[in-house]
Amino acid sequence: MSEKLYTPQSIEAKWQTRWDESGIDIANEDQSDTRPSYYCLEMFPYPSGNLHMGHVRNYCLGDAVARYKRMQGFNVLHPIGWDAFGLPAENAAIKHGKPPAEWTYANIEQMQVQLKRLGLSYDWSREIATCKPEYYRWEQWMFTKLMKKGLAYRKEAEVNWCDPCHTVLANEQVEDGVCWRCDTPVHKKNLAQWFIKITDYADELLNDLDQLKGWPDKVVGMQRNWIGKSSGAEVSFKVENSDEVLDIFTTRPDTLMGVTYMAVAAAHPLALQAAENNAELAVFLEECSTISTKEADVATMEKKGMALGINAIHPITGEAVPVWVANFVLMSYGTGAVMSVPAHDERDYDFAKKYGLNIKQVITNAAGDADVNDAAYTDAGVLIHSGEFDGLKSNKAKKTITHWLTTHGKGEQRTQFRLRDWLVSRQRYWGTPIPVIHCDDCGTVAVPEQDLPVVLPEHLQPTGGASPLADCEEFVNTTCPQCGKAAKRETDTFDTFMESSWYMNRYTSASCDTAMVNADAMEKWSPVDQYIGGVEHAVLHLLYARFYHKLMRDMGLFDGDKVGSEPFKNLLTQGMVLLDGTKMSKSKGNTVDPKDIIEKYGADTARLFTLFAAPPERDLEWSDKGVEGASRFLNRVWVLLDKVGNTYQGQADAKTTKTLRRTIHTHIQRVTHAFEQGFAFNVAIAAMMELSNALNAFEACDDEGKAVFEEGAKALVTMLAPLVPHFACECGEKLGFETIAVMAAWPEVDESALVQDEINLVVQIQGKKRGEIIVSPDVSQDDALLAAQADEGISKWLEGQQIVKVILVKGRLLNLVVKPA
RNA sequence: GCGAGGGUGGCGGAACUGGUAGACGCGCUGGAUUUAGGUUCCAGUGUCUUACGGCGUGAGGGUUCGACUCCCUCCUCUCGUACCA
């Protein structure tokens, strides 16, 4: 018995070696290759050292796509690399006392082996690691160009600061408001930081979303909301007894007459100034500086505030309204100040109630009976208590009031984006050095192109305190490229989203050492035809990558007309891998190690299960029993192939043979359709299982039967090839395929095999199924009705009833609407 | 808080543009093979009901000849929320 079983351990290595030797996974750059090109990309991994099930799922999906497209006749680019900079390497370095570089390179080596065991068809000749100077030098080059264009600039921004550790903490390193290492409360601190002006591209990033027909609607929607274009007015409030002006943005200028106070951020200059001779206020501002910088925390915390003791002058009425500081106003958003209209904004309403501030209703509903006694009235409506603007509807009032402000020099119509400029500097060691030199005389100077790359020293050891780069004299000390005097290098590094924002383009030209990308290669491969990765990247990574692609285009690195302005044509966002309903994670201890599964069942079983257990975009619940089921299926197919060429004593007459052939071709059609419709591999596999079951139930008793059975077996093996490539190759060899199964042509549907002489037509009465009739596929409504009335099981439902309506859905059902006669 | 997505048997899921709900797999039950266990094979398996049949896709309402599918209200879970990647 065991001899009959398929043994993955012995065949998987064999086929992996053959694929390697034949070079079938290398994307062909040869001009003479006339196949259309197809670029399939999975989000590259962070080299944590261990391949987890999330990776396995991601790469099995991508490999199935890449292999399917090769079989469809495409010249496929399917690259892999490493997103190698980042915080975890520094954490590991602190823990193990080894430099992050050492840890990272060792992990990459380990994960290469793990990936290869899965039998993924990668073009390893294009492998990149973002921590290598030959990669990040182009990122540095790009940044210096952006500085020249004025698209990169320096500005103060808040960071999480830990005093004892003397370092900036990532949000992830702040746990319940204290430092993860020393438990000291974290507070905010301002630091000069580098930004890239993504807001200059906000409109294009928004408009080009319309091009992304191959993206899930949800991702497009999330990006649209993230960019958050809104129109409204900028309004200037004079500060009483001062030359200062408080500028605010509002989407509701129609409620301007209802302003009863102003709110500014704790870090706002007006607040800081007022606190200088107000001890109580200073304490409050200090308290505000300890709250989280996370938007979710800011939005859900208790709203607190304090009067600054100064007033602003209402631009229209000239009345004085008090200026408050409020912990929910963010300095990083807009101007760090807002006008407050408690009558028509929920948050302002709650705040006003809490602190006894005035509430002035200026909008009412059409009936004129809306009140604000218990809650804010936030809908649009008609203006009241608004002087000359009374009686205007909200929409009209927005324009009228904005116009009034404009003509009086106190404001103007403005478009505001929720999107903020991209803060790209990090106060960390393991990242791309920002290519800038600080000179006492010349200021901030970009490193000239010929001096790039600024190479990160890889031997340094982080301690958890300040970046070791700052203490590395041979790195820090340099000369000013402009005046030649002694100067210091910037010791901040780039956000790792910088590296992952352009890697998809670098793969097209991985070995190019004269430019960031090669324009011809970009034309051949870009944009990515199919991008696959986790939905957690729906906004940040995917937005930054879209932005970067446009930056590269505008830098003239490729022809935008030929390549296009978007880097990813189609996007598949895969779900997470769960165990017992929660995400598999090391910290929770609910992981399944892919290595164990591969050792026990083979890579193909692991691949088959992850593709079968859930649709790609949904979360996948891990099931050991399900894995066994996948393994059983492969065994059943393996045994099934022994029947090829054999004749049995069955009753497979001509009709049964014809039915089998129809089944084979409807299933080729269904599998192909499932592949084409969003890569629904789970549905495709179910259809292949059905085909396998149908073949298994068939016993050929003549040559015709044998031939059809063989046709079905070959189609099944061919369609399995993108999913379980080792298994399919071995089966293909067994069946005498002319080429190895993974290079075989995808089976084609023979339309003539699909034709049916008669079908089962469902008969419904009042929409409920009451029976079936056997009719010709193109039966007329009248004939179908006669056949239904002639059927005993159906006609009993028609006794004493009058048929008032007949609906025939061709090939599907007949519905009779009746009423008592 | 805000933004987005999901909820179908005991479980994972299927159902083309509104047209037979539960394909396929897991589990379970019974049987065959086996000294036994495992494996493998065969049959059954939404639920209530003796049956006829009724009821069933998170809850409630609506549109329709017909609703898992479209509309409204609500509940709930998941993801993102800008220094994790």
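All chains are named by letter (A, B, ...) in the order of the sequence lines, taking the proteins before the strands, and each is independently numbered beginning at 1.
- Regarding Phe417(A), its CZ atom lies at a distance of 17 Å from the C1' atom of A82(B), rounded to whole Å.
- In this entry the distance linking CZ of Arg420(A) with P of G3(B) reads 17 Å, nearest Å.
- Closest to the Lys796(A) side chain, of the nucleotides G53(B), C83(B), G66(B), is G53(B).
- Using N1 to N3 plus N6-O4 or O6-N4 for Watson-Crick, or N1-O2 and O6-N3 for G-U wobble, each under 3.5 Å, A85(B) pairs with nothing.
- Glu346(A) comes within 4.0 angstrom of nothing in the nucleic acid, heavy atoms only.
- Close to G7(B), at under 4.0 Å from its OP1 or OP2, lies a side-chain N or O of Arg618(A).
- If you check A85(B), U78(B), U20(B) against the side chain of Asp619(A), the one that comes closest is U78(B).
- Using a 4.0 Å heavy-atom distance criterion, Gln764(A) is classed as a base contact.
- Within the nucleic acid shown, Asn760(A) has no heavy atom closer than 4.0 Å to any nucleic acid atom.
- Ring centers of Trp82(A) and Tyr46(A): at least 6.0 Å apart, outside the cut-off.
- Per the geometry, CD belonging to Gln766(A) stands 16 Å off C1' belonging to G54(B), to the nearest Å.
- Atom CZ of Arg770(A) is separated from atom P of G53(B) by 7 Å (rounded to the nearest Å).
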**OP:** Step by step, work out the side chain to side chain contact (heavy atoms under 4.5 Å, CB included) result for Val186(A) and Thr290(A).
**Re:** CA-CA 6 Å; Val186(A) 170; Thr290(A) 62; over 6 Å; no
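- Rounding to the nearest 0.5 Å places NE2 of His187(A) at 11.0 Å from SG of Cys179(A).
- Using a 4.0 Å heavy-atom cutoff across all strands shown, Leu87(A) reaches sugar-phosphate atoms only and no base atom.
- Remark: G10(B) base-pairs with C26(B); criterion is Watson-Crick or G-U wobble with both hydrogen-bond distances under 3.5 Å.
- Classified by its glycosidic torsion, G9(B) falls in the syn category, the angle being within 90° of 0.
- Counting non-hydrogen atoms under 4.0 angstrom, Gly86(A) reaches the backbone sugars and phosphates but no base.
- The shortest distance between the side-chain N/O atoms of Arg636(A) and the OP1/OP2 oxygens of U40(B) is not below 4.0 Å.
- Annotation: of the two residues near RNA chain B, Asn225(A) and Ala613(A), the 5′-most nearest-nucleotide partner is Asn225(A).
- Using a 4.0 Å cut-off on heavy atoms, the residues of residues 623-631 of chain A that approach RNA chain B are Lys625(A), Gly629(A), listed by number.
- Note that CG of Leu578(A) and CG of Asp619(A) are 4.5 Å apart. Values are rounded to the nearest 0.5 Å.
- Among the protein residues, Arg418(A) comes within range of the nucleic acid bases, having at least one heavy atom under 4.0 Å from a base atom.
- As a whole-Å value, the separation of Tyr6(A) OH from U39(B) C1' is 17 Å.
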**OP:** Could you go through the side chain to side chain donor-acceptor pair (under 3.5 Å) check for Ser340(A) and Asp345(A) one step at a time?
**Re:** CA-CA 8 Å; Ser340(A) 297; Asp345(A) 179 279; over 6 Å; no
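- At the heavy-atom level, Leu419(A) lies under 4.0 Å from base atoms of the strands shown.
- Residue contacts shown for His673(A) are absent, as no nucleic acid heavy atom lies under 4.0 Å away.
- Residue-to-nucleotide proximity on RNA chain B shows that, of Trp226(A) and Lys769(A), the 5′-proximal contact is made by Lys769(A).
- Taking the centre and axis of the six-membered ring of Phe417(A), the NZ or CZ atom of Lys229(A) falls outside the cone set by 45° and 6.0 Å.
- Among the heavy atoms of the strands, none lies under 4.0 Å from Val539(A).
- Heavy atoms of Val168(A) sit under 4.0 angstrom from at least one base atom.
- Listed pair Asn635(A) / U40(B) fails the phosphate criterion, with no side-chain N or O lying under 4.0 Å from OP1 or OP2.
- Atom CD of Glu792(A) has 12 or fewer heavy atoms from other residues, nucleotides or ligands within 6.0 Å.
- Remark: A21(B) base-pairs with no nucleotide in the shown strands. Criterion, Watson-Crick or G-U wobble with two distances under 3.5 Å.
- Using a 4.0 Å heavy-atom criterion, one finds that Met689(A) contacts the sugar-phosphate atoms exclusively.
- When the side-chain nitrogen and oxygen atoms of Lys218(A) are compared with OP1 and OP2 of U78(B), none of them lie within a distance under 4.0 Å.
- Under the Watson-Crick or G-U wobble criterion, with both distances below 3.5 Å, C70(B) is paired with G62(B).
- For the pair Arg426(A) and C84(B), the criterion of a side-chain N or O lying under 4.0 Å from OP1 or OP2 is not met.
- Looking at Glu617(A) and Lys218(A), no side-chain N of the basic residue comes within less than 4.0 Å of a carboxylate O on the acidic one, giving no salt bridge.
- U40(B) and A32(B) make up a base pair, with Watson-Crick or G-U wobble contacts both under 3.5 Å.
- Between Phe351(A) and Phe328(A), the ring centre distance stays below 6.0 Å.
- Nucleic acid contact for Thr300(A): base, since at least one base atom lies under 4.0 Å from a heavy atom of the residue.
- Computed from coordinates, the Met222(A) CE to C79(B) P distance equals 12 Å when rounded to whole Å.
- Nucleotide G3(B) is matched to C79(B) when pairs are restricted to Watson-Crick or G-U wobble geometry with both distances under 3.5 angstrom.
- Nucleic acid contact class of Trp797(A) (heavy atoms, under 4.0 Å, all strands): sugar-phosphate only.
- Heavy atoms of Lys583(A) sit nowhere under 4.0 angstrom from any nucleic acid atom.
- Remark: C1' of G3(B) and CG of Leu540(A) are 13 Å apart, rounded to the nearest angstrom.
- Taking the six-membered ring where the residue is Trp, the centroids of Phe85(A) and Tyr136(A) are separated by under 6.0 Å.
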